[in-house]
Q: 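I have a structure I would like to understand better, so I am pasting it below and will then ask my questions one at a time.
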Amino acid sequence: MVGRRLTEPRRRPGVPVARVLGCGLLVLLAGCTEGAPSTLDPAGTGARRVAGFWWLLFGISAAVFVVVMALLTWALAFRRRPHRRAGATDPIRFVVVAGAGVPFVVLLAVYGVGLRDLAALGQPTEPPAVTVDVTGHKWWWEVRYPGVAGATANEIHIPVGEPVRVRLRTVDVLHSFWVPQLMPKTDLIAGKVRETWLRAERPGRYRGQCAEYCGLQHAHMAFQVVAQPRAEFDAWLARLAAPAPAPASDAERRGQQAFLQGTCAACHTVRGTSATGTVGPDLSTIGARWSLGAGAVPNDGGHLGGWIVNSQTVKPGNAMPPQPVDAAALPDLIAYLESLR
Ligand code: CUA
(Lines give C-alpha, C1' and ligand atoms only; values in the text may rest on other atoms or scores of the structure.)
Protein backbone atom coordinates (compact mmCIF):
# COMPACT_ATOMS: atom_id res chain seq x y z
CA MET A 1 0.00 0.00 0.00
CA VAL A 2 2.77 2.36 1.01
CA GLY A 3 4.80 1.35 -2.06
CA ARG A 4 1.90 2.07 -4.38
CA ARG A 5 1.38 5.47 -2.84
CA LEU A 6 5.02 6.34 -3.49
CA THR A 7 4.84 5.39 -7.18
CA GLU A 8 1.46 7.05 -7.90
CA PRO A 9 1.70 10.33 -9.77
CA ARG A 10 1.00 13.20 -7.40
CA ARG A 11 -2.51 14.51 -7.72
CA ARG A 12 -2.92 18.22 -7.87
CA PRO A 13 -6.22 18.94 -6.16
CA GLY A 14 -5.96 22.64 -6.97
CA VAL A 15 -6.25 22.26 -10.74
CA PRO A 16 -9.97 21.29 -11.09
CA VAL A 17 -10.92 24.07 -8.68
CA ALA A 18 -8.84 26.57 -10.67
CA ARG A 19 -10.47 25.38 -13.89
CA VAL A 20 -13.96 25.73 -12.46
CA LEU A 21 -13.16 29.22 -11.14
CA GLY A 22 -11.51 30.18 -14.45
CA CYS A 23 -14.53 29.04 -16.48
CA GLY A 24 -16.86 30.87 -14.11
CA LEU A 25 -14.81 34.04 -14.49
CA LEU A 26 -14.90 33.72 -18.29
CA VAL A 27 -18.68 33.35 -18.22
CA LEU A 28 -18.93 36.43 -16.01
CA LEU A 29 -16.57 38.45 -18.21
CA ALA A 30 -18.51 37.41 -21.33
CA GLY A 31 -21.35 39.48 -19.90
CA CYS A 32 -19.14 42.56 -19.69
CA THR A 33 -19.48 43.53 -23.33
CA GLU A 34 -19.58 47.20 -24.15
CA GLY A 35 -23.02 48.74 -23.99
CA ALA A 36 -24.50 45.86 -22.00
CA PRO A 37 -26.19 47.50 -19.04
CA SER A 38 -26.26 45.87 -15.62
CA THR A 39 -29.01 45.97 -13.02
CA LEU A 40 -26.19 46.12 -10.48
CA ASP A 41 -25.09 49.49 -11.89
CA PRO A 42 -28.32 51.36 -11.16
CA ALA A 43 -28.88 54.94 -12.28
CA GLY A 44 -32.56 55.18 -11.46
CA THR A 45 -34.72 55.05 -8.35
CA GLY A 46 -36.48 51.80 -9.30
CA ALA A 47 -33.35 49.93 -10.35
CA ARG A 48 -31.51 51.09 -7.21
CA ARG A 49 -34.19 49.52 -5.06
CA VAL A 50 -33.94 46.25 -6.96
CA ALA A 51 -30.14 46.31 -6.74
CA GLY A 52 -30.40 46.91 -2.98
CA PHE A 53 -32.65 43.87 -2.67
CA TRP A 54 -30.21 41.81 -4.75
CA TRP A 55 -27.33 42.74 -2.43
CA LEU A 56 -29.46 41.92 0.62
CA LEU A 57 -30.14 38.43 -0.78
CA PHE A 58 -26.47 38.05 -1.69
CA GLY A 59 -25.38 39.08 1.82
CA ILE A 60 -27.78 36.66 3.48
CA SER A 61 -26.74 33.84 1.14
CA ALA A 62 -23.06 34.52 1.82
CA ALA A 63 -23.64 34.59 5.59
CA VAL A 64 -25.62 31.32 5.48
CA PHE A 65 -22.88 29.74 3.36
CA VAL A 66 -20.15 30.77 5.81
CA VAL A 67 -22.12 29.54 8.84
CA VAL A 68 -23.00 26.20 7.22
CA MET A 69 -19.41 25.65 6.09
CA ALA A 70 -18.15 26.48 9.58
CA LEU A 71 -20.58 23.99 11.10
CA LEU A 72 -19.62 21.38 8.53
CA THR A 73 -15.94 21.87 9.25
CA TRP A 74 -16.62 21.66 12.96
CA ALA A 75 -18.67 18.47 12.50
CA LEU A 76 -15.97 16.84 10.37
CA ALA A 77 -13.24 17.80 12.82
CA PHE A 78 -15.07 16.38 15.79
CA ARG A 79 -17.00 13.53 14.19
CA ARG A 80 -14.79 10.81 15.66
CA ARG A 81 -15.62 11.71 19.22
CA PRO A 82 -17.73 8.79 20.39
CA HIS A 83 -19.37 10.36 23.40
CA ARG A 84 -21.42 13.52 23.78
CA ARG A 85 -19.87 15.90 26.20
CA ALA A 86 -21.85 16.99 29.19
CA GLY A 87 -23.77 20.20 28.45
CA ALA A 88 -23.59 19.73 24.62
CA THR A 89 -26.54 20.98 22.51
CA ASP A 90 -29.42 18.55 22.07
CA PRO A 91 -29.16 17.55 18.34
CA ILE A 92 -32.94 17.52 17.78
CA ARG A 93 -33.38 20.99 19.25
CA PHE A 94 -30.42 22.21 17.19
CA VAL A 95 -31.98 20.92 13.95
CA VAL A 96 -35.35 22.48 14.80
CA VAL A 97 -33.87 25.87 15.70
CA ALA A 98 -31.05 26.18 13.15
CA GLY A 99 -32.61 24.11 10.36
CA ALA A 100 -36.20 25.37 10.48
CA GLY A 101 -36.63 28.27 12.92
CA VAL A 102 -33.78 30.48 11.74
CA PRO A 103 -34.52 30.00 7.97
CA PHE A 104 -38.21 30.72 8.65
CA VAL A 105 -37.39 34.02 10.36
CA VAL A 106 -34.87 34.99 7.66
CA LEU A 107 -37.23 34.15 4.78
CA LEU A 108 -40.11 35.95 6.48
CA ALA A 109 -37.95 39.07 6.85
CA VAL A 110 -36.85 38.86 3.20
CA TYR A 111 -40.48 38.41 2.14
CA GLY A 112 -41.40 41.55 4.10
CA VAL A 113 -38.62 43.57 2.49
CA GLY A 114 -39.66 42.22 -0.93
CA LEU A 115 -43.27 43.30 -0.40
CA ARG A 116 -42.11 46.74 0.69
CA ASP A 117 -39.91 47.09 -2.43
CA LEU A 118 -42.69 45.81 -4.68
CA ALA A 119 -45.07 48.44 -3.30
CA ALA A 120 -42.43 51.16 -3.74
CA LEU A 121 -41.88 50.12 -7.38
CA GLY A 122 -45.62 50.45 -8.04
CA GLN A 123 -45.53 54.21 -8.24
CA PRO A 124 -43.09 57.05 -7.65
CA THR A 125 -43.15 59.05 -4.41
CA GLU A 126 -44.14 62.23 -6.26
CA PRO A 127 -46.64 62.51 -9.13
CA PRO A 128 -44.97 62.29 -12.56
CA ALA A 129 -44.66 65.60 -14.40
CA VAL A 130 -44.13 64.00 -17.81
CA THR A 131 -46.00 61.16 -19.53
CA VAL A 132 -44.64 59.11 -22.44
CA ASP A 133 -46.72 56.79 -24.60
CA VAL A 134 -44.68 53.87 -25.84
CA THR A 135 -46.11 51.42 -28.34
CA GLY A 136 -44.44 48.13 -29.16
CA HIS A 137 -44.30 47.00 -32.80
CA LYS A 138 -42.56 44.02 -34.36
CA TRP A 139 -39.71 45.14 -33.91
CA TRP A 140 -39.43 48.74 -32.84
CA TRP A 141 -40.76 51.19 -30.27
CA GLU A 142 -43.01 54.11 -31.19
CA VAL A 143 -42.61 56.99 -28.76
CA ARG A 144 -45.11 59.82 -28.33
CA TYR A 145 -45.75 62.50 -25.74
CA PRO A 146 -49.42 63.35 -25.06
CA GLY A 147 -50.26 66.79 -26.45
CA VAL A 148 -47.14 66.83 -28.65
CA ALA A 149 -47.75 66.40 -32.37
CA GLY A 150 -44.53 64.61 -33.32
CA ALA A 151 -43.34 61.09 -32.71
CA THR A 152 -39.99 59.40 -32.51
CA ALA A 153 -38.79 55.82 -32.39
CA ASN A 154 -36.56 53.71 -30.18
CA GLU A 155 -35.46 56.74 -28.16
CA ILE A 156 -37.21 58.06 -25.07
CA HIS A 157 -36.09 61.43 -23.77
CA ILE A 158 -36.84 62.22 -20.14
CA PRO A 159 -35.90 65.06 -17.76
CA VAL A 160 -33.31 63.89 -15.24
CA GLY A 161 -34.32 63.68 -11.58
CA GLU A 162 -38.06 63.74 -12.30
CA PRO A 163 -40.43 60.78 -12.28
CA VAL A 164 -41.84 60.05 -15.73
CA ARG A 165 -44.96 57.99 -16.33
CA VAL A 166 -44.61 55.47 -19.18
CA ARG A 167 -47.82 54.09 -20.70
CA LEU A 168 -47.22 50.91 -22.64
CA ARG A 169 -49.27 49.42 -25.45
CA THR A 170 -48.61 46.84 -28.16
CA VAL A 171 -50.15 46.66 -31.60
CA ASP A 172 -49.22 43.03 -32.17
CA VAL A 173 -47.63 40.46 -29.87
CA LEU A 174 -46.32 40.49 -26.31
CA HIS A 175 -43.26 42.65 -25.74
CA SER A 176 -41.55 43.65 -22.51
CA PHE A 177 -40.16 47.08 -21.65
CA TRP A 178 -36.89 46.84 -19.74
CA VAL A 179 -34.29 49.48 -18.89
CA PRO A 180 -31.94 47.52 -16.59
CA GLN A 181 -30.25 50.58 -15.08
CA LEU A 182 -33.52 52.43 -14.46
CA MET A 183 -36.43 50.07 -13.87
CA PRO A 184 -37.40 46.39 -13.91
CA LYS A 185 -39.48 44.89 -16.72
CA THR A 186 -43.10 45.66 -17.58
CA ASP A 187 -44.87 43.45 -20.13
CA LEU A 188 -46.85 44.96 -23.01
CA ILE A 189 -50.13 43.08 -23.41
CA ALA A 190 -52.46 43.36 -26.41
CA GLY A 191 -55.67 45.26 -25.62
CA LYS A 192 -54.31 46.64 -22.34
CA VAL A 193 -52.52 49.81 -21.31
CA ARG A 194 -49.75 48.92 -18.85
CA GLU A 195 -47.96 51.56 -16.80
CA THR A 196 -44.53 51.93 -15.34
CA TRP A 197 -42.35 54.89 -14.44
CA LEU A 198 -38.76 55.99 -14.77
CA ARG A 199 -36.67 58.32 -12.69
CA ALA A 200 -33.07 58.78 -13.75
CA GLU A 201 -30.69 59.99 -11.05
CA ARG A 202 -28.06 61.34 -13.42
CA PRO A 203 -27.97 62.45 -17.05
CA GLY A 204 -26.99 59.85 -19.60
CA ARG A 205 -28.10 57.34 -22.18
CA TYR A 206 -29.51 54.12 -20.80
CA ARG A 207 -30.03 51.13 -23.03
CA GLY A 208 -33.40 49.41 -22.96
CA GLN A 209 -34.36 46.10 -24.48
CA CYS A 210 -37.45 44.13 -25.31
CA ALA A 211 -37.35 41.36 -22.73
CA GLU A 212 -40.13 39.12 -24.02
CA TYR A 213 -39.44 36.88 -27.01
CA CYS A 214 -41.50 38.41 -29.82
CA GLY A 215 -40.27 36.78 -33.00
CA LEU A 216 -37.34 36.73 -35.39
CA GLN A 217 -35.93 40.16 -34.53
CA HIS A 218 -36.63 40.19 -30.80
CA ALA A 219 -32.92 40.80 -30.18
CA HIS A 220 -33.03 43.87 -32.44
CA MET A 221 -35.75 45.58 -30.44
CA ALA A 222 -33.59 47.86 -28.38
CA PHE A 223 -34.03 51.49 -27.41
CA GLN A 224 -32.33 54.21 -25.44
CA VAL A 225 -33.61 56.34 -22.61
CA VAL A 226 -31.93 59.73 -22.81
CA ALA A 227 -32.02 61.48 -19.44
CA GLN A 228 -31.17 65.16 -19.79
CA PRO A 229 -31.44 68.36 -17.75
CA ARG A 230 -34.93 69.92 -17.82
CA ALA A 231 -33.98 72.79 -20.18
CA GLU A 232 -32.42 70.40 -22.71
CA PHE A 233 -35.42 68.09 -22.48
CA ASP A 234 -37.84 70.99 -23.06
CA ALA A 235 -35.83 72.11 -26.09
CA TRP A 236 -35.82 68.55 -27.46
CA LEU A 237 -39.58 68.24 -26.95
CA ALA A 238 -40.18 71.58 -28.68
CA ARG A 239 -38.11 70.34 -31.62
CA LEU A 240 -40.17 67.12 -31.73
CA ALA A 241 -43.38 69.16 -31.83
CA ALA A 242 -42.16 71.34 -34.73
CA PRO A 243 -42.29 70.34 -38.43
CA ALA A 244 -39.16 68.78 -39.91
CA PRO A 245 -36.56 71.28 -41.15
CA ALA A 246 -36.77 72.27 -44.81
CA PRO A 247 -33.94 71.08 -47.12
CA ALA A 248 -30.95 73.43 -46.92
CA SER A 249 -28.95 72.31 -49.98
CA ASP A 250 -29.57 71.12 -53.54
CA ALA A 251 -28.72 67.54 -52.60
CA GLU A 252 -31.19 67.64 -49.70
CA ARG A 253 -33.84 69.15 -51.97
CA ARG A 254 -33.36 66.37 -54.54
CA GLY A 255 -33.39 63.85 -51.71
CA GLN A 256 -36.66 65.20 -50.39
CA GLN A 257 -38.17 64.97 -53.86
CA ALA A 258 -37.03 61.35 -54.19
CA PHE A 259 -38.46 60.62 -50.73
CA LEU A 260 -41.86 62.15 -51.44
CA GLN A 261 -42.21 60.78 -54.98
CA GLY A 262 -40.92 57.30 -54.18
CA THR A 263 -42.38 54.61 -51.98
CA CYS A 264 -40.95 56.00 -48.70
CA ALA A 265 -43.86 58.36 -48.06
CA ALA A 266 -46.40 55.55 -48.18
CA CYS A 267 -45.09 54.12 -44.90
CA HIS A 268 -43.25 56.98 -43.18
CA THR A 269 -44.16 60.42 -41.92
CA VAL A 270 -41.96 63.48 -42.23
CA ARG A 271 -43.89 66.23 -40.51
CA GLY A 272 -44.45 69.35 -42.59
CA THR A 273 -44.39 67.39 -45.88
CA SER A 274 -46.90 65.26 -47.79
CA ALA A 275 -45.36 62.09 -46.28
CA THR A 276 -47.85 60.88 -43.72
CA GLY A 277 -47.42 57.08 -43.71
CA THR A 278 -47.88 55.34 -40.39
CA VAL A 279 -46.64 51.81 -41.07
CA GLY A 280 -43.04 52.56 -40.12
CA PRO A 281 -41.42 55.01 -37.72
CA ASP A 282 -41.90 58.79 -38.06
CA LEU A 283 -38.69 60.01 -39.70
CA SER A 284 -38.95 63.73 -38.83
CA THR A 285 -35.90 63.45 -36.52
CA ILE A 286 -34.23 60.36 -37.98
CA GLY A 287 -30.90 62.15 -38.44
CA ALA A 288 -30.49 62.64 -34.69
CA ARG A 289 -31.31 59.12 -33.54
CA TRP A 290 -28.78 56.75 -32.01
CA SER A 291 -29.32 53.78 -34.30
CA LEU A 292 -31.20 52.34 -37.25
CA GLY A 293 -33.57 49.41 -36.91
CA ALA A 294 -33.96 49.65 -33.11
CA GLY A 295 -30.31 49.01 -32.33
CA ALA A 296 -29.59 46.85 -35.39
CA VAL A 297 -26.88 49.12 -36.87
CA PRO A 298 -25.35 52.54 -36.14
CA ASN A 299 -27.05 55.57 -37.66
CA ASP A 300 -24.59 56.83 -40.28
CA GLY A 301 -24.66 57.45 -44.02
CA GLY A 302 -23.32 54.04 -45.03
CA HIS A 303 -25.70 52.05 -42.88
CA LEU A 304 -28.58 54.32 -43.84
CA GLY A 305 -27.91 53.67 -47.55
CA GLY A 306 -27.72 49.93 -46.95
CA TRP A 307 -30.91 50.03 -44.93
CA ILE A 308 -32.82 51.92 -47.64
CA VAL A 309 -31.70 49.64 -50.48
CA ASN A 310 -32.35 46.38 -48.66
CA SER A 311 -33.00 46.43 -44.93
CA GLN A 312 -33.81 42.71 -45.12
CA THR A 313 -30.09 41.96 -45.26
CA VAL A 314 -29.63 43.95 -42.04
CA LYS A 315 -32.75 42.93 -40.12
CA PRO A 316 -34.47 40.02 -41.87
CA GLY A 317 -38.21 39.88 -41.44
CA ASN A 318 -38.79 43.57 -40.73
CA ALA A 319 -41.76 45.22 -42.44
CA MET A 320 -39.74 47.25 -44.99
CA PRO A 321 -39.24 45.57 -48.38
CA PRO A 322 -36.13 46.28 -50.52
CA GLN A 323 -36.43 49.65 -52.28
CA PRO A 324 -35.78 50.17 -56.00
CA VAL A 325 -33.78 53.36 -55.48
CA ASP A 326 -31.82 54.79 -58.39
CA ALA A 327 -28.12 54.57 -57.48
CA ALA A 328 -27.62 58.22 -58.45
CA ALA A 329 -30.44 59.34 -56.16
CA LEU A 330 -29.27 57.39 -53.11
CA PRO A 331 -26.67 59.93 -51.84
CA ASP A 332 -29.29 62.70 -52.07
CA LEU A 333 -31.80 60.60 -50.17
CA ILE A 334 -29.20 59.90 -47.46
CA ALA A 335 -28.30 63.61 -47.28
CA TYR A 336 -31.95 64.55 -46.87
CA LEU A 337 -32.65 61.97 -44.13
CA GLU A 338 -29.48 62.91 -42.26
CA SER A 339 -30.61 66.55 -42.29
CA LEU A 340 -33.80 65.65 -40.42
CA ARG A 341 -32.73 66.33 -36.87
CU1 CUA B 1 -40.43 42.75 -28.70
CU2 CUA B 1 -39.10 40.95 -27.95
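Residues: numbered from 1 along the sequence shown. Every number for a ligand or one of its atoms is a count from 1 in the order of the listing.
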Q: Answer yes or no: is there a side-chain heavy-atom contact under 4.5 Å between T39 and W178?
A: yes
Q: Using a cut-off of 2.8 Å, find all protein N, O or S atoms closer to atom 1 (Cu) of ligand 1 than that distance.
A: H175 ND1, C210 SG, C214 SG, M221 SD
Q: Report the residue from Q217, K138, Q312 that forms a side-chain contact (heavy atoms from CB on, under 4.5 Å) with N318.
A: Q312
Q: State, to 0.1 Å, how close I158 and A200 come at their nearest heavy-atom pair, and which atoms those are.
A: CD1-CB, 4.1 Å
Q: Ignoring hydrogens, what is the shortest heavy-atom contact between T273 and T276? Give both atom names and the distance.
A: O-CG2, 4.3 Å
Q: Knowing that exactly one of R165, E162, E195, Q123 qualifies, which makes a side-chain contact (heavy atoms from CB on, under 4.5 Å) with P128?
A: R165
Q: Measure up the H268 and F259 rings against each other and bin them: parallel (under 30°), tilted (30 to 60°), perpendicular (over 60°).
A: tilted
